[in-house]
Protein chains: 2
Amino acid sequence: MFHALADGTRRDIVLRTLDGEYSVSALARRYPMSFAAVQKHVAVLEAAGLVTKQRKGREQLVRGNVDTVRRATQLLDRFEAVWRGRIDRMGEILADDPNGGTR
Amino acid sequence: MFHALADGTRRDIVLRTLDGEYSVSALARRYPMSFAAVQKHVAVLEAAGLVTKQRKGREQLVRGNVDTVRRATQLLDRFEAVWRGRIDRMGEILADDPNGGTR
DNA sequence: GGGATCTACAACCATATGGTTGTAGATAAC
DNA sequence: GTTATCTACAACCATATGGTTGTAGATCCC
């Protein structure tokens, strides 16, 4: 998932498709690369669950999936929680032992 | 930055070093790979600003940088904000036009 | 001083990545 | 029916990635 978000074009595709539906070719027109390249990016995003595709006639509509974005956010929040835990423990040590950290 | 977070070993290193300080070799002992491999991961994380290194004698202490994690979180929050904007607009359309979406 | 440890970095390798072009199947438009 | 459009996928290429081993400079310990 982070890997899928690691590419700038893919992040942009997610942003666009969170804002509205786009066919793959409509997306491709917006980037200075071939249709096939954009198609691959969409496939990576789809495999990561960041977008979903829905057939509509001959075109395939791409929509961003906010639930997966939320899961990424939650994962990063857990990083911050670990950090807070460390800071809290440092506070406890200072509170328990007035001489903590000195010799 | 997302690229740096895209590797599982690197995410684990960030987690550990957010929780406490580790020398590079102390980190390396925890993973089933060579010291040099872990060193490279740390270098990638440092370049992305996700960890900082501080010399202490012959060892190099690695600390996670919560500020950068926060920036990643904020970026993802912006993704969700775009999504909310879309939903809000959809709500407005329905409110403005009772026949919206039908033929 | 001499040996052990920690780090840095280069060289190398297999595979993944991001891009290309080309071909082919469905669907829409005329 | 024929042509144009949208999509899928394969083949290919250059470069990046994640791993290895090896060498070498600092620092610590005896």
Side-chain angles (χ1 to χ4, degrees), chain A residues 1-65 68 72 75 79 103, chain B residues 1-65 68 72 75 79 103:
Chain A
M1 188 177 57
F2 283 115
H3 159 251
L5 287 171
D7 183 273
T9 302
R10 285 200 289 265
R11 283 198 301 276
D12 199 75
I13 291 175
V14 173
L15 269 181
R16 285 192 198 281
T17 56
L18 280 170
D19 201 44
E21 288 180 343
Y22 289 80
S23 71
V24 180
S25 58
L27 283 172
R29 268 177 242 123
R30 310 220 164 209
Y31 302 99
M33 64 186 74
S34 70
F35 171 81
V38 173
Q39 195 181 323
K40 278 196 194 178
H41 283 306
V42 172
V44 170
L45 289 170
E46 190 182 17
L50 283 163
V51 304
T52 56
K53 289 195 291 189
Q54 192 184 359
R55 256 238 125 68
K56 184 179 181 182
R58 69 182 155 180
E59 39 187 27
Q60 194 91 255
L61 296 182
V62 182
R63 273 181 301 184
N65 184 355
T68 309
L75 217 165
F79 278 45
R103 282 200 178 261
Chain B
M1 187 177 57
F2 284 115
H3 159 251
L5 287 171
D7 182 90
T9 301
R10 286 201 289 264
R11 283 197 300 276
D12 199 73
I13 290 176
V14 173
L15 269 180
R16 285 193 198 281
T17 57
L18 281 169
D19 202 42
E21 289 180 343
Y22 289 80
S23 71
V24 179
S25 57
L27 283 172
R29 269 177 242 122
R30 311 221 163 209
Y31 301 99
M33 64 186 74
S34 70
F35 170 82
V38 173
Q39 195 181 322
K40 277 196 193 177
H41 282 307
V42 172
V44 170
L45 289 170
E46 191 183 15
L50 282 163
V51 305
T52 57
K53 288 195 293 190
Q54 191 184 0
R55 256 240 125 68
K56 185 181 181 182
R58 69 183 155 182
E59 37 187 28
Q60 194 92 256
L61 297 182
V62 182
R63 273 181 300 185
N65 183 355
T68 309
L75 218 167
F79 278 45
R103 285 201 175 259

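Below, all heavy atoms of this structure are taken into account, side chains as well, without hydrogens, waters or symmetry copies. Proteins come first, then strands; the chains are lettered A, B, ... in the order of their sequence lines, and each starts at number 1.
Each of B:Lys53 and A:Ala6 lies near DNA chain C, and the nucleotide nearest B:Lys53 is the one positioned closer to the 5' end.
Under the side-chain contact (heavy atoms from CB on, under 4.5 Å) rule, B:Leu45 has a single partner from B:Val14, B:Thr9, B:Asn65, B:Asp7, which is B:Val14. Partner A:Gln54 forms a side-chain hydrogen bond (donor to acceptor under 3.5 Å, both in side chains) with one of A:Glu59, A:Glu21, A:Arg63 and no other, that one being A:Arg63.
The interatomic distance linking A:Met33 (CE) with C:dT17 (C1') rounds to 13 Å, in whole Å. Summarising the geometry, the separation between NE2 on A:His41 and P on C:dG18 is reported as 6 Å, rounded to the nearest angstrom. Between B:Phe35 atom CZ and D:dG19 atom P the separation is 15 Å, expressed in whole Å. Rounding to whole angstrom units, NZ of residue A:Lys40 and C1' of C:dG19 are separated by 7 Å. Atom-to-atom, CZ of B:Arg55 to P of D:dA26 comes out at 10 Å; the value is rounded to the nearest Å. Going from atom CD of B:Glu59 over to atom C1' of C:dT7 covers 10 Å, rounded to whole Å. Between B:Asp7 atom CG and C:dA16 atom P there is a gap of 14 Å when expressed in whole angstrom units.
The side chain of B:Gln60 places no N or O atom within less than 4.0 Å of a non-bridging phosphate oxygen (OP1 or OP2) of C:dC6. Within the structure, a side-chain polar atom (N or O) of A:Ser25 is placed less than 4.0 Å from OP1 or OP2 of D:dT7. OP1 or OP2 of C:dT20 sits under 4.0 Å from a side-chain N or O of A:Ser34. In terms of phosphate contacts, B:Arg10 brings a side-chain nitrogen or oxygen within less than 4.0 Å of OP1 or OP2 of D:dG18. Within the 4.0 Å cut-off from OP1 or OP2 of C:dC9, not a single side-chain nitrogen or oxygen of B:Gln39 is found. Side-chain nitrogen and oxygen atoms of B:Lys56 include none within less than 4.0 Å of the OP1 or OP2 phosphate oxygen of D:dA26. OP1 or OP2 of C:dC6 has at least one side-chain nitrogen or oxygen of B:Arg29 nearer than 4.0 Å. OP1 or OP2 of D:dT17 has at least one side-chain nitrogen or oxygen of B:His3 nearer than 4.0 Å.
Nearest heavy-atom pair across B:Leu50 and B:Met1 is CD1-O, 4.1 Å.
Here B:Thr9 lies out of heavy-atom contact (under 4.0 Å) with every strand.
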